Amino acid sequence: GNSVTQMEGPVTLSEEAFLTINCTYTATGYPSLFWYVQYPGEGLQLLLKATKADDKGSNKGFEATYRKETTSFHLEKGSVQVSDSAVYFCALSAGDNYGQNFVFGPGTRLSVLP
Amino acid sequence: KAGVTQTPRYLIKTRGQQVTLSCSPISGHRSVSWYQQTPGQGLQFLFEYFSETQRNKGNFPGRFSGRQFSNSRSEMNVSTLELGDSALYLCASSRGTWANTEAFFGQGTRLTVV
C-alpha cells in the first residue's frame with residue numbers, strides 16, 4: 001500500500017538557520033505530494049504541493065521538489081523564523097482520480113529558538 | 001470566504017455512548033473527508049463523501065460511520081465509544097474533482113472518552 005516516511009524530530013533550530021525535513025514515499029501509480037503544517041490547537045494548513053515529477057512547490061519561503069527517481073519530497077527553507085514553529089506533515093494523494101484519500105507521514109515537530 | 005467549520009470543538013463522552021460530529025465545508029466544495037489524529041497512530045483516513053455518496057473508506061470498524069447531506073455538510077458518527085476513540089477528528093473539504101486537489105482542513109473536534 002501507499003505510505004509516507006518522514007523524520008519525526010523534534011527538530012530544534014536557531015532563528016535564520018537552514019531547514020530540511022526529509023520525506024520519502026511509497027506509492028503505486030502517480031501520486032500528488034503535499035506538505036501541510038499544523039500550528040498548536042489548529043487544523044492542518046496546506047503549505048505547498050506538487051502534482052508530477054520534477055515539479056517544485058513553494059510558499060512562504062518553503063520549497064519542495066517532487067523527485068520520482070528517489071521517491072522523495074524534502075521540505076527546505078533557507079532561513080527559519082520563530083513563527084515557523086509547528087508540526088509539518090508530508091502527505092500523498094494517490095492518483096486514481098476518484099477522490100481524496102491522503103496518506104500522511106508521522107509529522108515533524110519544529111521548534112525555532114530566537 | 002468562510003473556511004471549514006467543525007462543531008463542536010470539544011466533547012467529553014463516556015464509554016459505550018455514541019457521538020455525532022458535524023462538518024460544514026467551504027462553499028462550493030462537494031468532497032468532505034474525515035481523519036482521526038492520535039499521538040500514537042498519527043493521521044488516519046476515515047472516509048470521504050462526494051455528492052452524498054461515500055467514495056473512499058479507510059480501515060476503521062463499522063462503529064465509525066458518516067453521511068453527507070445535499071448541501072455538502074457532513075456528519076460523522078461513532079457508536080459504542082471506546083477509550084481508544086479519544087482523538088482529534090479533522091474534517092477536510094475540497095472541490096473533489098481530482099485526487100491531486102488540495103484539501104482544506106477544519107480546526108477539528110477534540111473527543112475525549114472517559
Side-chain angles (χ1 to χ4, degrees), chain A residues 1-10 23 25 27-53 55 57-59 64 66 73 86-109, chain B residues 3-7 9-10 21 23-26 29-60 68 74 87-110:
Chain A
N2 299 333
S3 65
V4 174
T5 302
Q6 64 178 107
M7 52 194 290
E8 294 197 36
C23 170
Y25 68 90
T28 55
Y30 303 95
S32 295
L33 301 174
F34 303 79
W35 276 100
Y36 278 86
V37 58
Q38 186 175 34
Y39 298 99
E42 301 288 324
L44 276 67
Q45 298 177 23
L46 176 67
L47 186 57
L48 52 85
K49 73 172 188 179
T51 59
K52 61 182 187 298
D55 265 3
S58 61
N59 185 28
Y66 188 164
F73 193 54
V87 181
Y88 292 80
F89 293 91
C90 184
L92 70 82
S93 180
D96 63 6
N97 295 335
Y98 284 99
Q100 294 282 317
N101 181 359
F102 283 88
V103 175
F104 287 89
T108 300
R109 183 175 299 278
Chain B
V4 179
T5 303
Q6 290 188 246
T7 56
R9 289 291 310 277
Y10 303 92
L21 314 181
C23 172
S24 294
I26 291 172
H29 286 191
R30 296 166 65 189
S31 169
V32 174
S33 302
W34 290 89
Y35 293 82
Q36 182 195 65
Q37 186 177 23
T38 60
Q41 300 297 318
L43 279 154
Q44 294 184 284
F45 172 75
L46 280 153
F47 30 67
E48 184 221 2
Y49 287 85
F50 181 83
S51 293
E52 301 179 67
T53 301
Q54 187 180 86
R55 282 205 295 193
N56 289 309
K57 188 176 189 305
N59 189 26
F60 277 81
Q68 186 181 35
S74 177
L88 180 66
Y89 290 89
L90 292 167
C91 166
S93 80
S94 73
R95 296 196 179 277
T97 304
W98 304 104
N100 59 7
T101 306
E102 58 261 39
F104 296 84
F105 284 79
Q107 291 185 294
T109 294
R110 171 78 60 188

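Not measured: the values here are computed from a predicted model. Reminder, nothing fancy here: chain letters follow the sequence lines and each chain counts from 1.
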Colleague: Are there over 12 heavy-atom neighbours, none belonging to A:Lys52, within less than 6.0 Å of that residue's NZ?
Modeller: no

Colleague: Is atom CZ of B:Arg9 surrounded by more than 12 heavy atoms (other residues, nucleotides or ligands) closer than 6.0 Å?
Modeller: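 Counting other residues, nucleotides and ligands, CZ of B:Arg9 exceeds 12 neighbours.
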
Colleague: Specify which of A:Gly105, A:Ala91, A:Ala50, A:Gly43 makes the most heavy-atom pairs with chain B at under 4.5 Å.
Modeller: A:Gly43

Colleague: Heavy atoms only: give me the nearest A:Phe34-B:Glu102 pair and the separation to one decimal.
Modeller: CE2-CA, 3.9 Å

Colleague: Less than 4.5 Å to any heavy atom of chain B: does that hold for the side chain of A:Leu46, its backbone, both, or neither?
Modeller: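 Only the side chain of A:Leu46 comes within 4.5 Å of chain B.
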
Colleague: Do any N or O atoms from the side chain of A:Tyr36 and from the backbone of B:Phe105 form a donor-acceptor pair under 3.5 angstrom?
Modeller: no

Colleague: Pick one of side chain, backbone, both or neither for A:Gln38, based on which atoms fall under 4.5 Å of a heavy atom in chain B.
Modeller: side chain

Colleague: With a 4.5 angstrom heavy-atom cut-off, is it the side chain or the backbone of B:Gln6 that approaches chain A, or both, or neither?
Modeller: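 Answer is neither: B:Gln6 stays 4.5 Å or more from chain A.
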
Colleague: For B:Arg110, is it the side chain, the backbone, both or neither that has a heavy atom under 4.5 Å from a heavy atom of chain A?
Modeller: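 B:Arg110 has no heavy atom closer than 4.5 Å to chain A.
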
